[in-house]
Amino acid sequence: MDKKKRIFSGMQPSGELTLGNYLGALKNWIGLQDEYECMYPVMDMHAITVRQVPADLRKRSLDVLMQYIACGIDPEKSLLFFQSHVPQHAELMWVLSCNTQMGELSRMTQFKEKSQKHADNINAGLFTYPVLMAADILLYQADVVPVGNDQLQHLEITRDIAQRFNHHYGDTFTIPEAYTGKAGSRVMSLQTPENKMSKSDPNPNGFISLLDSYDDIIRKFKRAVTDSGSEIKASPDKPGVTNLLSIYCAVTGKTLKEAEEEFDGKGYGDFKLAVGETVACELKAVREKYEYLAKNKDYVEKIYKESAEIAKKIAEHTMRKVRKKVGFTAI
Ligand code: TYM
């Protein structure tokens with residue numbers, strides 16, 4: 001039998017996980033578990049590029065890991081761990097930093113956005129963030145990386161770095177492919193549908209947290225901004241309605257055409273309620289499973305410790321190759 005291909009992806013514990021994280025990434029991760037060998041760490045090292053309260057970061061990191069499981073990532077099938085538990089991520093990042101140009105990093109949209117938002121803390125880590133992300137992926141020789149649209153530029157630079165390294169030092173890294181789902185790869189804010197739904201949105205009505213209560217979810221959808229006119233059709237001049245339709249499609253698996261037909265002739269009020277109920281029902285089970293896990297932390301601890309041990313072995317295998325290629329003396 002052919003060896004399974006490897007999937008790698010992760011999330012930063014920099015805030016509560018949102019419906020954007022779920023539809024853009026997590027929901028796709030779940031479906032890939034049977035066909036691929038999957039690794040889904042919590043990217044805690046990336047999170048400190050922005051100032052964090054240490055105790056909050058620790059709690060949130062565990063929360064994210066529990067939400068992965070609550071959403072349907074199966075610890076029997078996938079490796080679930082913390083990035084910081086595998087020191088090879090940082091080690092490979094250094095080597096890759098020496099093979100990455102300042103110019104290519106300064107073109108990254110996320111760096112430009114984050115340095116505007118955190119103008120008082122434009123640290124070197126924020127700048128070299130994509131190199132750490134490249135190290136994450138290349139360390140495990142990942143074949144496929146399922147992400148939302150906003151991470152595609154980071155995937156491109158990862159491929160560039162890997163190709164450059166392979167060219168210079170000889171074949172070392174697998175060149176990873178990005179994977180985005182059909183719907184949901186760019187979920188927008190419910191309040192300002194021109195902007196991406198984000199866990200750092202100061203307006204909680206703009207995003208749905210995976211742990212929001214059923215009633216809060218319905219309330220937020222009822223308040224969602226729609227557009228002028230009354231037609232329920234996706235179009236560039238209807239960003240609010242388009243976003244709600246694409247959320248509905250991503251959750252139900254229906255096509256846009258099917259969804260538009262279903263809501264044909266309905267008013268915005270009924271439409272928003274229907275989308276809200278669909279999302280609230282889907283997330284109800286997630287919240288219940290999360291609450292169960294929160295009471296069973298020993299079980300969760302066992303998962304991330306065992307996964308990290310396996311991850312370290314894979315990581316060390318790559319690092320041995322890398323150290324030799326770049327000319328470090330063998331121990
Ligand atoms: P992060 O933590 O911002 O987001 C995690 C995943 O969720 C997706 N996502 C969205 N998808 C659709 N609509 C949205 N509104 C939305 N918001 C977030 C993201 O595209 C992502 O897939 N740098 C990464 C974390 C990371 C990583 C990696 C990912 C670090 N190393 C290696 C893959 C491979 C990040 O900040 O994602």
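Atoms within each ligand, like the ligands themselves, are counted from 1 in listed order.
Under a 4.0 Å criterion applied to the non-hydrogen atoms of K196, ligand 1 contributes the atoms 14 (C), 15 (N). Of all the atoms in ligand 1, the ones that sit under 4.0 Å from a non-hydrogen atom of G24 are 11 (N), 12 (C). Numbered from 1 in the order shown, with element, the atoms of ligand 1 that lie under 4.0 Å from a heavy atom of D136 read 28 (C), 30 (C), 31 (N), 32 (C). Close approach to I137 involves these atoms of ligand 1, each under 4.0 Å from a residue heavy atom: 32 (C), 34 (C). For ligand 1 and R186, the ligand atoms under 4.0 Å from any heavy atom of the residue are 12 (C), 13 (N). Residue V145 has at least one heavy-atom neighbour below 4.0 Å for each of these atoms of ligand 1: 33 (C), 34 (C). Every atom of ligand 1 with a heavy atom of A25 under 4.0 Å away is listed here by number and element: 6 (C), 7 (O), 22 (O). Within ligand 1, the atoms closer than 4.0 Å to a non-hydrogen atom of V147 are 22 (O), 33 (C), numbered from 1 in the order shown.
The number of heavy-atom neighbours closer than 6.0 Å to CD of E194, taken from other residues, nucleotides and ligands shown, is above 12. Annotation: L105, atom CG; neighbour count of heavy atoms from other residues, nucleotides and ligands within 6.0 Å is above 12. In this structure, K5 places its NZ atom where only 12 or fewer heavy-atom neighbours from other residues, nucleotides or ligands lie under 6.0 Å away. E258 CD: more than 12 foreign heavy atoms inside a 6.0 Å radius. Other residues, nucleotides and ligands contribute only 12 or fewer heavy atoms inside 6.0 Å of the NE2 atom of H317.
Here the shortest heavy-atom pairing between Y268 and D227 reads CE1-O, 3.2 Å.
Ligand 1 has a nitrogen or oxygen under 3.5 angstrom from a nitrogen or oxygen of D150. At under 3.5 Å, not a single nitrogen or oxygen of H154, backbone or side chain, sits near a nitrogen or oxygen of ligand 1.
Summary of contacts: the protein heavy atom closest to atom 22 (O) of ligand 1 is G148 N, 3.1 Å. Protein heavy atom in closest approach to atom 33 (C) of ligand 1: S9 OG, 3.5 Å. Of the protein's non-hydrogen atoms, the one nearest atom 23 (N) of ligand 1 is Y129 OH, 2.6 Å. Of all protein heavy atoms, the one closest to atom 4 (O) of ligand 1 is N21 ND2, 3.3 Å. Closest to atom 11 (N) of ligand 1, if we only count protein heavy atoms, is G20 O, 3.2 Å. Annotation: atom 1 (P) of ligand 1 to nearest protein heavy atom, K199 NZ, 3.8 Å. In terms of protein heavy-atom proximity, atom 15 (N) of ligand 1 is nearest to V187 O, 2.7 Å. In this structure, the protein non-hydrogen atom closest to atom 29 (C) of ligand 1 is G10 O, 3.4 Å.
Look at E104 and R164 and you find a salt bridge, because one of the NZ, NE, NH1 or NH2 atoms lies within 4.0 Å of a carboxylate O, short of that distance. We find that E309 and K312 are joined by a salt bridge, their nearest charged nitrogen and carboxylate oxygen being less than 4.0 Å apart.
Y304 and F82 have their aromatic ring centers within a separation under 6.0 angstrom.
In the hydrophobic cluster analysis, where Ile, Leu, Val, Met, Phe, Trp and Tyr join through side-chain heavy atoms closer than 4.5 angstrom, M66 is grouped together with L283.
Of the residues listed (H154, K114, Q153), the one engaging T109 in a side chain to side chain donor-acceptor pair (under 3.5 Å) is Q153, and it is the only one.
Of the heavy atoms in S198, none comes closer than 4.0 Å to ligand 1. When non-hydrogen atoms are compared, ligand 1 lies under 4.0 Å from the side chain of H46 (C-beta onward) but not from its backbone.
For the pair K220 and F207, the cation-pi test (distance below 6.0 Å, angle within 45°) is passed.
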